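Beneath this line is the structure, given in structure tokens, with notes to follow.
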Amino acid sequence: MVGVATELDLAGLAPARDLLSRISALDLDQLGGEEIGALLENSTKRRIQEEKTDPEGNRWVAWSAAYDATRDQGTHSLLIGENHLLTSIQHFSDPNAVRIGSNVIYAAIHQFGADPAKAREGSLPGAEGAGIPARPYLGVSEEDRRDIERLVIGRLEDLLP
């Protein structure tokens, strides 16, 4: 029989196999989970304090004229009155996830809004029947995604021989 054959020795790929094995064994903490959490916490606080936008960059709905008239223009702005929401923003990370959030009772109302038809009398003091528009402050922006990607790639590059 006439033919041709070639042989490929894969022994030289052992370092690549070892690297892939080390990468697949990494957890989120090893890829920078704490740093990712800090990055997202800071960008969330920046959205509340300075940008007044959701993670996609859309500006929040302004206060109604009636509500605006009750605010101290020198110290109050959207989602900032006494700074309780801003200072409550925290991050937590574990080997599987990073979480950003707030434990203040009204945090979800600002994130998701309140339908005036569903507002119970007295459940939102001063806002009965008025509703509260959603002003999403939690989430991952495109800039956050790029920053996280750079951080994780940097961690992976540290593993390369």
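Start at 1 with the first residue, then count along the sequence. Please read these numbers as outputs of a predicted model, since none were measured by experiment. The figures that follow rest on heavy atoms only: side chains count, while hydrogens, waters and symmetry mates do not.
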- Message: Can you tell me how far apart CG (N103) and CD (Q90) are? Round to the nearest 0.5 Å.
- Response: 6.5 Å
- Applying salt bridge (charged side-chain N to carboxylate O under 4.0 Å, His left out) to R59 and not counting sequence neighbours gives none
- Message: Let's go through R47 and S141 carefully: what are the C-alpha distance in whole Å and the side-chain angles of both, what is the deciding distance for side chain to side chain contact (heavy atoms under 4.5 Å, CB included) to 0.1 Å, and is it a yes or a no?
- Response: CA-CA 10 Å; R47 274 194 289 279; S141 69; 4.1 Å; yes
- Determine, step by step, whether T44 and E41 satisfy the side chain to side chain contact (heavy atoms under 4.5 Å, CB included) criterion, reporting the C-alpha distance in whole Å, the side-chain angles of both residues, the deciding distance to 0.1 Å, and the verdict. CA-CA 5 Å; T44 299; E41 179 180 325; 5.8 Å; no
- Between CG of L79 and CH2 of W63, what distance do you get to the nearest 0.5 Å? 9.0 Å
- side chain to side chain donor-acceptor pair (under 3.5 Å) involving N96 - partner list, sequence neighbours excluded: none
- Query: So, D54 side chain and N58 main chain: donor-acceptor pair closer than 3.5 Å or not?
  - Reply: yes
- Does L86 offer a backbone N or O that forms a donor-acceptor pair with the side chain of Q49 under 3.5 Å? no
- Query: Can R146 and E143 be counted as an ion pair, charged N to O under 4.0 angstrom?
  - Reply: no
- Note on the structure: Given the options L78, T53, L85, Y137 meets side-chain contact (heavy atoms from CB on, under 4.5 Å) only with L85
- Message: Rounded at 0.5 Å granularity, tell me how far CD in E82 sits from NE2 in H76.
- Response: 5.0 Å
- Path from I89 to I105 over hydrophobic side-chain contacts below 4.5 Å: yes
- Message: Can a donor-acceptor pair be found, under 3.5 Å and without considering hydrogens, that links the side chain of D147 to the backbone of D144?
- Response: no
- Item | Taking every non-hydrogen atom, the tightest pair across P55 and G139 | CG-CA, 3.6 Å
- Find the distance between CD (E142) and CD (E149) and round it off to the nearest 0.5 Å. 10.0 Å
- What's the verdict on side chain to side chain contact (heavy atoms under 4.5 Å, CB included) for I36 and V152, showing C-alpha distance, side-chain angles and the deciding distance? CA-CA 9 Å; I36 292 168; V152 171; 4.1 Å; yes
- Task: Say whether Y106 and W60 are linked into one hydrophobic cluster, either directly or through other cluster members, by side-chain heavy-atom distances under 4.5 angstrom.
- Result: yes
- Query: What's the spacing between E35 CD and S93 OG if we round to 0.5 Å?
  - Reply: 8.5 Å
- Message: Using every non-hydrogen atom in the two residues, find where R135 and A62 come nearest and quote the distance to one decimal.
- Response: NH2-O, 3.4 Å
- Under 3.5 Å, is there a donor-acceptor pair between the side chain of R71 and the main chain of S77? no
- Query: Between E34 and H91, is a side chain to side chain contact (heavy atoms under 4.5 Å, CB included) present by the stated rule, with each step listed?
  - Reply: CA-CA 8 Å; E34 180 61 29; H91 73 276; 2.7 Å; yes
- Note on the structure: For G37 and I100, the nearest pair of non-hydrogen atoms, with its separation, is O-CD1, 3.6 Å
- Item | Spacing of CG belonging to L138 relative to CG belonging to L40, to within rounding of 0.5 Å | 10.0 Å
